[in-house]
Amino acid sequence: MEKEGCLVEETLSRRFLSSFLDSTLVAVVTFLLVYFAAIPLLKVTPAFIEVHDATFTSIEGMYGIEEEAGLTLLNSDGNPLTPADHFNEYLRRQIDGSGEKAYEDDLLGHYFVLYRPTLFEVKDPLGYFIGLFHGTFPEGYFVDVPGDIPVLSENAAMELGLYLSGKGERPGYYDTLLDSYLALKGEALEELSGTTAYLAHYERYLGGFTSMAGYEMGALFMAFGLSHLSLAFLPSLIDPRGRSLGRRLASSAVLATEGKTLPFWKRLLLAFGSMASSAFVSLLPLLFTFGFSVATASIVGGFDYLYVFVVSFVLFLVDKLPVLVNDRQSLGQLLLKAKVVTTRYEISEKTTTVK
């Protein structure tokens, strides 16, 4: 192949390939740094341990209040039962209740008839609950008991008992009863969450979670910074032809439009621009791991980490869109009179030899 004294401009596909390689390499190394260095270090950091312990103490406090109210049941690991398991336990207590009054064993009845009057002034807790119950649950599956809460009818208790014991199929009305139960339980939890004791735990939990998220996102950004500095920023700054690791793998270089190497200050500006506009690409996969709620965490001074991703994405669009319409140059390269060229060929005045 021969070229006559000209620069061989890189194709659009290989330009995107080099960017993809840079972002992928940075994301992989960032991931490794986070999971094998940053997180282990956080786990032995006294400040993080203190916040972590306080946060989970608050969670246990909220679970404790919900459990005392009968609205949450914990398994052997100290975690709440799933909604379906909690409902099944509600049915078992309805079927096998041994108390003198059904509301003594019933999970909903315990809250509305026994626990709720200790929090709020209620003239007739039993009557209040019966009214709520009939307004929430469908008719035909429960019967009223004088001086007590509604209980499962004989047929419903038998069919549900066989299902819970694994000896029968799930009745067709099971899901309807489950939805009704969760609706009434949710109303009770919402009411309970507004009490002073519960709010105190919740506020401590929220503050602790925000602090933990701040530590985690700080570790994430430091890992990203180290990864980008070592794989893209410094290599493209040190190499006279502006080659990051991704550009080396894609056989590309960044030179002045007339073919000369760029001065140091121009390479520095391009490296900063590349780091700023590619941050969201490299960090996005890790957000799926940490959870997007973590990205909204704030550090000291109220700065939201989420702003970094928004600003980075906007910079990416502003910088890269001109590539599609203006001779394959990004905005930064246009302003600095730079161009991405291929290094797959050695260019001389007369011939080009394939490397």
Item checked: Side chain to side chain, N88 and L160, heavy atoms closer than 4.5 Å -> no

Margin query: Under the criterion ring pair (Phe, Tyr, Trp, His ring centres under 6.0 Å), I'd like the reasoning laid out for H86 against Y90: C-alpha separation, chi angles, the key distance, then a yes or no.
Written below: CA-CA 6 Å; H86 194 278; Y90 163 77; 8.3 Å; no

Next item on the list: To the nearest 0.5 angstrom, please state how far the OG atom of S236 sits from the CE atom of M275.
Entry: 10.5 Å

Checklist line | Nearest heavy-atom neighbours spanning A223 and L33 | finding: O-CD1, 3.7 Å

Next item on the list: First locate atom CG of L71, then atom NZ of K185, and finally report the distance between them rounded to the nearest 0.5 Å.
Entry: 7.0 Å

Notebook entry, point to check: Which heavy atom of S165 sits nearest a heavy atom of L162, and at what distance?
Noted result: OG-O, 3.0 Å

Notebook entry, point to check: Would you find a donor on one side and an acceptor on the other, under 3.5 Å apart, between the side chain of D319 and the backbone of S274?
Noted result: no

Notebook entry, point to check: Quick check, are the ring centers of F224 and H228 under 6.0 angstrom apart?
Noted result: yes

Note to self: Please find the pair of heavy atoms, one from L262 and one from L255, that lie closest to each other, and give the distance.
What the structure shows: CG-C, 4.0 Å

Notebook entry, point to check: Checking Q333 side chain against S330 main chain: does a donor-acceptor pair fall under 3.5 Å?
Noted result: yes

Margin query: Show the nearest heavy-atom pair for residues V51 and S211, with the distance to one decimal.
Written below: CG1-CB, 3.6 Å

Check: Hey, quick one: are Y205 and L74 part of the same hydrophobic cluster, counting side-chain heavy atoms closer than 4.5 Å, chains of contacts allowed?
Finding: yes

Item checked: F264: ring pair (Phe, Tyr, Trp, His ring centres under 6.0 Å) partners, not counting sequence neighbours -> none

Check: How long is the span from the CD atom in E159 to the CG atom in L164, to the nearest 0.5 Å?
Finding: 12.0 Å

Check: What distance do D53 atom CG and I49 atom CD1 have between them, rounded to the nearest 0.5 Å?
Finding: 7.0 Å

Note to self: Any non-hydrogen side-chain atom of L249 less than 4.5 Å from a side-chain atom of L17?
What the structure shows: no

Margin query: Quick check on the hydrophobic clustering: are V151 and L114 connected, directly or via other members, by side-chain heavy-atom contacts under 4.5 Å?
Written below: no

Next item on the list: Tell me yes or no: between the side chains of D85 and T82, is some donor less than 3.5 Å from an acceptor?
Entry: yes

Next item on the list: Report yes or no: does K266 contribute a side-chain atom to a donor-acceptor pair with the main-chain N or O of L336 at less than 3.5 Å?
Entry: yes

Item checked: Heavy-atom check, side chain of F36 versus side chain of L32, under 4.5 Å -> yes

Notebook entry, point to check: Just by distance, with hydrogens left out, do E191 and Y198 show a side-chain donor and acceptor under 3.5 Å apart?
Noted result: no

Check: When you look at D239 and R267, which way does the salt bridge (charged side-chain N to carboxylate O under 4.0 Å, His left out) test go after all the steps?
Finding: CA-CA 9 Å; D239 189 338; R267 297 202 304 274; over 6 Å; no

Check: Do the side chains of V341 and S252 get nearer than 4.5 Å, heavy atoms only?
Finding: no

Next item on the list: Please say whether more than 12 non-hydrogen atoms of neighbouring residues, nucleotides or ligands are located less than 6.0 Å from CD in E67.
Entry: yes

Margin query: I'd like to check M222 versus L226 (side-chain heavy atoms, cut-off strictly below 4.5 Å). Are they in contact?
Written below: no

Next item on the list: Determine yes or no for a side-chain-to-main-chain donor-acceptor pair under 3.5 angstrom, with R116 supplying the side chain and P125 the backbone.
Entry: no

Item checked: Residue pair L245, L21: steps toward the side-chain contact (heavy atoms from CB on, under 4.5 Å) verdict -> CA-CA 8 Å; L245 186 55; L21 288 173; over 6 Å; no

Next item on the list: Report whether F209 and L199 are members of the same hydrophobic cluster (ILVMFWY, side-chain heavy atoms less than 4.5 Å apart, transitive linking).
Entry: no

Note to self: Pairing donors with acceptors under 3.5 angstrom, does anything connect the side chains of H52 and Y215?
What the structure shows: no

Next item on the list: Please check if any side-chain donor atom of T30 sits under 3.5 Å from a side-chain acceptor atom of S227, or the reverse.
Entry: yes

Item checked: Derivation and outcome, ring pair (Phe, Tyr, Trp, His ring centres under 6.0 Å), residues F272 and F233 -> CA-CA 7 Å; F272 269 121; F233 187 91; 5.0 Å; yes

Note to self: Taking ring pair (Phe, Tyr, Trp, His ring centres under 6.0 Å) as the cut-off, I'd like each qualifying pair that reaches into residues 140-173, sequence neighbours left out, listed once.
What the structure shows: F133-F142, F137-F142, Y141-Y173, Y163-Y174

Notebook entry, point to check: Does E187 reach the side chain of L132, with side-chain heavy atoms less than 4.5 Å apart?
Noted result: yes

Next item on the list: Side-chain contact test, heavy atoms from C-beta onward, threshold under 4.5 Å: evaluate it for D22 versus L231 and give yes or no.
Entry: no

Checklist line | Test log, rule side-chain contact (heavy atoms from CB on, under 4.5 Å), inputs V34 and I39 | finding: CA-CA 6 Å; V34 167; I39 290 181; 3.9 Å; yes

Next item on the list: Describe, in one word, how the ring planes of F316 and F313 are oriented to each other, choosing from parallel (under 30°), tilted (30 to 60°) and perpendicular (over 60°).
Entry: parallel

Notebook entry, point to check: Is there a donor in the side chain of H134 and an acceptor in the side chain of D144, or the other way round, less than 3.5 Å apart?
Noted result: yes

Next item on the list: Could you pull out the closest heavy-atom pair between H110 and E68, with the gap in Å?
Entry: NE2-O, 3.1 Å

Checklist line | Rounded distance (nearest 0.5 Å) linking atom OH of Y202 with atom OG of S58 | finding: 11.5 Å

Next item on the list: State which residues pass side chain to side chain contact (heavy atoms under 4.5 Å, CB included) with L119; sequence neighbours excluded, sorted by chain then number.
Entry: Y115, L192, T195

Next item on the list: Kindly say whether N79 contributes a backbone atom to a donor-acceptor pair with the side chain of N75 at under 3.5 angstrom?
Entry: yes

Notebook entry, point to check: Applying the 4.5 Å side-chain criterion to the ILVMFWY set and letting contacts propagate, would L41 and M212 be lumped into a single cluster?
Noted result: no

Margin query: Is there a continuous path of hydrophobic side-chain contacts, each under 4.5 Å between heavy atoms, that joins L81 to Y111?
Written below: yes

Checklist line | Nearest atoms (heavy-atom pairs only) where G109 meets I149 | finding: CA-CD1, 4.4 Å

Check: What distance separates R247 CZ from T342 OG1, expressed to the nearest 0.5 Å?
Finding: 12.5 Å

Checklist line | Check: R241 and V254 side chains under 4.5 Å, non-hydrogen atoms | finding: no

Next item on the list: Only one of F120, Y103, F129 passes ring pair (Phe, Tyr, Trp, His ring centres under 6.0 Å) with F112; say which it is.
Entry: F129

Margin query: Would the distance check show the side chain of Q94 and the main-chain N or O of L152 forming a donor-acceptor pair, the cut-off being under 3.5 Å?
Written below: yes

Checklist line | L315 backbone acceptor or donor facing S277 side chain under 3.5 Å | finding: no

